[in-house]
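Here's the structure, in structure tokens; my notes come after.
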Amino acid sequence: MAINYTVKAQVIDITTDTPKAEDVFLVDTNVWFWMTYPTAGQTAHPYQLNTYPSYVSNALGIGAKIYKTGLSLAELGHRIEKTEHDIYRSFVNAIGLKEYRHNFPAERSRIVSEVEAAWAQVKSMAEPLDVVVDDPATDAALSRFKTEKVDGYDLFILESMKNHGVVQLITDDGDFTTVSGIQVFTANRNVIIAARSQGRLLRR
């Protein structure tokens with residue numbers, strides 16, 4: 001079933017956009033996953049492996065500011081472990097994730113190394129955008145949850161963006177288009193089509 005996005009953000013198609021030196025981007029976890037994890041191609045579409053890394057590299061090359069959030073480490077670690085577990089299940093042994101995590105120390109050690117290497121690359125490219133998870137932040141996140149169709153991690157990422165005055169987000173995740181007041185830089189065709197049809201596609 002097609003996803004019916006109600007687009008409130010401004011959407012920029014990165015296949016036709018050129019980064020500018022004055023841009024200030026937060027890069028979402030899915031982009032870091034494709035840029036820093038060599039096995040990401042097992043589950044990614046070709047455009048995800050090519051377009052996002054190219055756009056981020058071009059942004060860095062012209063001096064745009066690139067931010068990361070610590071929440072991305074949690075998401076990145078989860079995605080890498082899940083991908084490795086799926087591969088193991090397919091080719092070696094169909095076991096559960098908990099069993100895989102606790103009973104195969106060599107596999108665990110390799111996954112830790114993959115996550116460390118990926119995060120080191122992220123840190124080399126991006127500055128930290130602090131995320132504070134306190135009572136005011138959780139209250140704001142819960143309030144946002146009522147009107148914007150994003151998941152738990154993204155609620156706190158959005159609060160962090162708001163607190164630091166960052167409005168530009170590079171992501172493949174269409175959920176962020178339900179958020180007003182931000183600019184979603186994406187190559188996701190479904191998102192771009194929805195934005196165009198709703199008058200929310202921005203050409204810079």
Side-chain angles (χ1 to χ4, degrees), residues 12 14-15 17-87 101 107-133 137 141 150-176 179 182-188 191:
I12 295 89
I14 65 171
T15 66
D17 185 70
T18 301
K20 305 179 188 313
E22 61 268 24
D23 285 331
V24 179
F25 295 115
L26 177 68
V27 177
D28 195 16
T29 308
N30 49 38
V31 178
W32 293 131
F33 178 74
W34 299 316
M35 288 185 70
T36 64
Y37 174 50
T39 315
Q42 293 279 344
T43 57
H45 298 288
Y47 83 89
Q48 294 167 332
L49 293 171
N50 299 315
T51 306
Y52 290 103
S54 176
Y55 191 84
V56 172
S57 295
N58 289 340
L60 286 166
I62 54 96
K65 189 173 288 293
I66 301 291
Y67 282 113
K68 63 178 173 61
T69 169
L71 291 174
S72 286
L73 173 60
E75 290 187 295
L76 193 61
H78 172 74
R79 284 195 70 174
I80 289 173
E81 182 186 44
K82 183 181 184 305
T83 302
E84 293 293 331
H85 174 237
D86 289 344
I87 293 168
R101 181 181 298 155
E107 288 293 311
R108 180 65 178 178
S109 178
R110 190 172 55 76
I111 290 167
V112 169
S113 295
E114 291 282 5
V115 174
E116 286 179 330
W119 193 244
Q121 291 179 68
V122 173
K123 290 180 71 173
S124 73
M125 290 182 274
E127 298 179 34
L129 195 69
D130 293 334
V131 177
V132 177
V133 183
V150 297
D151 69 20
Y153 282 113
D154 297 342
L155 291 169
F156 290 107
I157 288 171
L158 287 163
E159 283 305 307
S160 180
M161 289 175 63
K162 178 182 175 183
N163 292 339
H164 290 85
V166 175
V167 298
Q168 297 175 308
L169 177 68
I170 302 175
T171 184
D172 199 61
D173 186 352
D175 292 350
F176 283 105
V179 180
I182 67 170
Q183 294 182 334
V184 173
F185 288 72
T186 189
N188 183 321
V191 168

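The chain is numbered in sequence order, starting from 1.
- Taking all atoms of both residues into account, the shortest heavy-atom contact from G77 to V115 is CA-CG2, 3.9 Å.
- The side chain to side chain donor-acceptor pair (under 3.5 Å) pairs that include a residue from residues 112-129 are K65-E127, where partners are two or more places apart or lie in different chains.
- The two residues Y67 and A126 come nearest to each other via the heavy atoms C-CB, 3.8 Å.
- One distance of note links OG1 of T51 with CG of N188; it measures 11.0 Å at 0.5 Å rounding.
- Atom NE2 of H78 is separated from atom OG1 of T29 by 11.0 Å, given to the nearest 0.5 angstrom.
- Remark: the backbone N or O of D175 is paired with a side-chain donor or acceptor of D173 at under 3.5 angstrom.
- Here L169 contributes atom CG and F185 contributes atom CZ; the two are 9.5 Å apart, rounded to the nearest 0.5 Å.
- Taking OG1 from T171 and CD1 from I14, the interatomic distance works out to 9.5 Å, rounded to the nearest 0.5 Å.
- Rounded to the nearest 0.5 angstrom, E84 CD and D86 CG are separated by 9.5 Å.
- Side-chain atoms of N163 never come within 3.5 Å of backbone atoms of S160 as a donor-acceptor pair (strictly under, hydrogens ignored).
- Across all their heavy atoms, W32 and V27 have their closest contact at NE1-O, 3.2 Å.
- Listed for the D151 side chain is a donor-acceptor partner under 3.5 Å among the backbone atoms of D154.
- Taken from CG in L49 to CH2 in W34, the straight-line distance is 8.0 Å, to the nearest 0.5 Å.
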Audit row: T36, L76, side chain to side chain contact (heavy atoms under 4.5 Å, CB included) steps and yes/no: CA-CA 10 Å; T36 64; L76 193 61; 4.3 Å; yes
Checking K162 against E159 for the side chain to side chain contact (heavy atoms under 4.5 Å, CB included) test, could you report, in this order, the C-alpha distance in whole Å, the side-chain angles of both residues, the deciding distance, and whether it holds? CA-CA 5 Å; K162 178 182 175 183; E159 283 305 307; 4.3 Å; yes
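- When side chains are defined from C-beta on, K68 does not count as touching L73, because their heavy atoms never get closer than 4.5 Å.
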Under the criterion salt bridge (Lys or Arg N to Asp or Glu O under 4.0 Å), I'd like the reasoning laid out for R101 against E107: C-alpha separation, chi angles, the key distance, then a yes or no. CA-CA 8 Å; R101 181 181 298 155; E107 288 293 311; over 6 Å; no
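- Between the side chain of Q48 and the backbone N or O of H45, at least one donor-acceptor pair lies under 3.5 Å.
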Could you please spell out the steps behind the side chain to side chain contact (heavy atoms under 4.5 Å, CB included) verdict for I182 and L158? CA-CA 9 Å; I182 67 170; L158 287 163; 4.1 Å; yes
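- Residue pairs that meet the side chain to side chain donor-acceptor pair (under 3.5 Å) test with at least one member in residues 52-63, sequence neighbours left out, are D17-Y55, Y52-D172, Y52-T186.
- Of the possible polar contacts, none joining the Q183 side chain to the Q168 backbone as a donor-acceptor pair under 3.5 Å is found.
- Contact detail for M125 and L60: the closest heavy-atom pair is O-CD2, 3.4 Å.
- Of all heavy-atom pairs between E75 and I157, the closest is OE1-CD1, 4.2 Å.
- Here the closest heavy-atom approach between residue L129 and residue L26 is recorded as CD2-CD1, 4.1 Å.
- For the ring-ring contact (aromatic ring centres under 6.0 Å, His included) test, residues two or more places apart in sequence or in another chain that qualify with Y37 are F33.
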